[in-house]
Student: 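Here it is, the structure, as structure tokens.
Residues: numbered from 1 along the sequence shown. All values below were derived from every heavy atom in this structure, side-chain atoms included, with hydrogens, water molecules and symmetry-related copies excluded. The model shown is predicted, which means the values in this text are computed figures rather than measured ones.
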Amino acid sequence: MTTRAEALGRIVRTWKDEQRILWSYVPELPSQPARDATPWLTILRWEYDGSAHEGMPTAEANQHMLMLEAALGKIERPEFCVEAYRRIGAGIREFYFYIADRDKFLDEFNNCLAEDPRYPITLKFYKDEEWSELRDLISDFKDVT
């Protein structure tokens, strides 16, 4: 998945209870028209056992996560689905997207994953027209080097 975060982004490492967390994001907001078109914050969460790897997944679990990531890359496009950021560590892998329409997103998401094995994930949707989730993350990490 070649996303805005990979092409132009930052990676920040934090720690929680002696477990690593890696955050990947672009430290700027998309254009106002792009934000207006995608008001729904969508969080895809995958919980795993990271206790033996400083909070990181096993190699096998990571390979499955990379399969999911590749599928997500197929639905990401401006004014439909825009990745805001992602995090991995402390037993959790999360992708944060802003999307235009929940039903259309779910249709495309399910179509992209139809041939894949079932993933142990949850999805949550929140109305965030101001993109406050990404704004807060950018603010929280603005002084981190």
Side-chain angles (χ1 to χ4, degrees), residues 1-30 34-35 38-145:
M1 172 161 135
T2 303
T3 64
R4 281 181 359 110
E6 289 175 341
L8 305 169
R10 291 184 67 194
I11 297 174
V12 173
R13 182 174 54 185
T14 62
W15 293 86
K16 179 182 179 185
D17 300 326
E18 298 182 15
Q19 294 188 326
R20 283 183 294 163
I21 302 173
L22 300 176
W23 305 81
S24 302
Y25 69 103
V26 174
E28 60 189 40
L29 295 171
R35 293 193 314 266
T38 53
W40 288 98
L41 175 63
T42 303
I43 303 171
L44 186 148
R45 182 181 184 117
W46 181 324
E47 294 186 37
Y48 60 88
D49 180 8
S51 60
H53 304 282
E54 289 187 329
M56 293 297 150
T58 64
E60 181 181 348
N62 193 54
Q63 286 303 311
H64 289 118
M65 291 175 189
L66 292 174
M67 288 174 54
L68 174 61
E69 187 175 314
L72 291 170
K74 295 176 186 174
I75 60 175
E76 186 179 359
R77 61 186 179 275
E79 299 185 10
F80 176 71
C81 175
V82 177
E83 182 178 8
Y85 65 94
R86 61 177 89 169
R87 64 156 290 196
I88 187 169
I92 300 169
R93 171 77 173 196
E94 289 179 319
F95 297 90
Y96 290 74
F97 293 95
Y98 283 92
I99 64 168
D101 182 276
R102 293 181 298 174
D103 292 332
K104 289 179 183 175
F105 173 83
L106 284 172
D107 285 344
E108 285 202 37
F109 180 75
N110 287 327
N111 286 336
C112 282
L113 298 179
E115 302 297 318
D116 287 9
R118 189 169 183 89
Y119 295 107
I121 58 174
T122 58
L123 281 170
K124 292 190 179 182
F125 300 95
Y126 303 94
K127 193 78 161 191
D128 185 12
E129 294 172 336
E130 300 301 317
W131 282 52
S132 59
E133 184 74 23
L134 181 57
R135 284 181 198 275
D136 291 348
L137 183 85
I138 292 169
S139 177
D140 289 348
F141 290 149
K142 72 177 185 229
D143 295 327
V144 177
T145 57

Student: Quick one, Leu72 and Phe109 - any side-chain contact, counting heavy atoms below 4.5 Å?
Tutor: yes
Student: If I compare all heavy atoms of Cys112 with all of Ile75, which pair ends up nearest, and what's the gap?
Tutor: SG-CG2, 3.4 Å
Student: Determine whether Trp15 and Arg20 make a side-chain contact, defined as any pair of heavy atoms from C-beta on separated by less than 4.5 Å.
Tutor: yes
Student: Taking all atoms of both residues into account, what is the closest heavy-atom pair of Leu113 and Ala71, and its distance?
Tutor: CD2-CB, 3.3 Å
Student: Test Asn62 against Met56 for side chain to side chain contact (heavy atoms under 4.5 Å, CB included), laying out the working first.
Tutor: CA-CA 9 Å; Asn62 193 54; Met56 293 297 150; over 6 Å; no
Student: What residue among Arg77, Lys74, Arg102 forms salt bridge (Lys or Arg N to Asp or Glu O under 4.0 Å) with Glu108?
Tutor: Arg77
Student: Atom CG of Asp101 and atom CG of Leu106: how far apart are they, to the nearest 0.5 Å?
Tutor: 9.0 Å
Student: Please find the pair of heavy atoms, one from Ser51 and one from Gln19, that lie closest to each other, and give the distance.
Tutor: CA-NE2, 3.8 Å
Student: How long is the gap from CD1 on Ile88 to CD1 on Ile11, to the nearest 0.5 Å?
Tutor: 11.5 Å
Student: Counting only heavy atoms from other residues, nucleotides and ligands, does the tally under 6.0 Å from CG of Asp136 exceed 12?
Tutor: yes
Student: Where do Tyr48 and Thr58 land on the side chain to side chain contact (heavy atoms under 4.5 Å, CB included) test, with the steps shown first?
Tutor: CA-CA 9 Å; Tyr48 60 88; Thr58 64; over 6 Å; no
Student: Could Lys127 and Glu129 be called an ion pair, given the rule that one side-chain N must be under 4.0 Å from one carboxylate O?
Tutor: yes
Student: Would you compute the distance between atom CD of Glu79 and atom CZ of Arg35 and round it to the nearest 0.5 angstrom?
Tutor: 12.5 Å
Student: Evaluate the side-chain proximity of Pro57 to His64: yes if any heavy-atom separation is below 4.5 Å, no if none is.
Tutor: no
Student: Using a cut-off of 6.0 Å, state whether more than 12 heavy atoms not belonging to Leu66 lie near its atom CG.
Tutor: yes
Student: Can you say whether the rings of Phe97 and Phe105 are parallel (under 30°), tilted (30 to 60°) or perpendicular (over 60°)?
Tutor: tilted
Student: Applying the ring pair (Phe, Tyr, Trp, His ring centres under 6.0 Å) criterion to Trp131, which one of Tyr98, Trp40, Tyr126 satisfies it?
Tutor: Tyr98
Student: Describe, in one word, how the ring planes of Tyr85 and Tyr96 are oriented to each other, choosing from parallel (under 30°), tilted (30 to 60°) and perpendicular (over 60°).
Tutor: parallel
Student: Give the C-alpha distance, both sets of side-chain angles, the deciding distance and a yes or no for side chain to side chain contact (heavy atoms under 4.5 Å, CB included) between Ile138 and Glu28.
Tutor: CA-CA 7 Å; Ile138 292 169; Glu28 60 189 40; 5.5 Å; no
Student: Scan Arg86, Glu83, Arg87 and name whichever one has a side-chain contact (heavy atoms from CB on, under 4.5 Å) with Ser24.
Tutor: Arg86
Student: Please report the interatomic distance CD1(Ile43) to CG(Asp128), rounded to the nearest 0.5 Å.
Tutor: 9.5 Å
Student: With the side chain counted from C-beta on, respond yes when Leu44 and Leu123 share a heavy-atom pair under 4.5 Å apart, and no when they do not.
Tutor: yes
Student: Could I get the full list of salt bridge (Lys or Arg N to Asp or Glu O under 4.0 Å) partners for Glu133, not counting sequence neighbours?
Tutor: none
Student: Can you find a heavy atom in the side chain of Leu68 that is under 4.5 Å from one in the side chain of Asp116?
Tutor: no
Student: Nearest 0.5 angstrom please: Lys142 NZ to Arg10 CZ, how far?
Tutor: 12.0 Å
Student: Any chance you could measure Ile21, atom CD1, to Thr14, atom OG1, to the nearest 0.5 Å?
Tutor: 4.0 Å
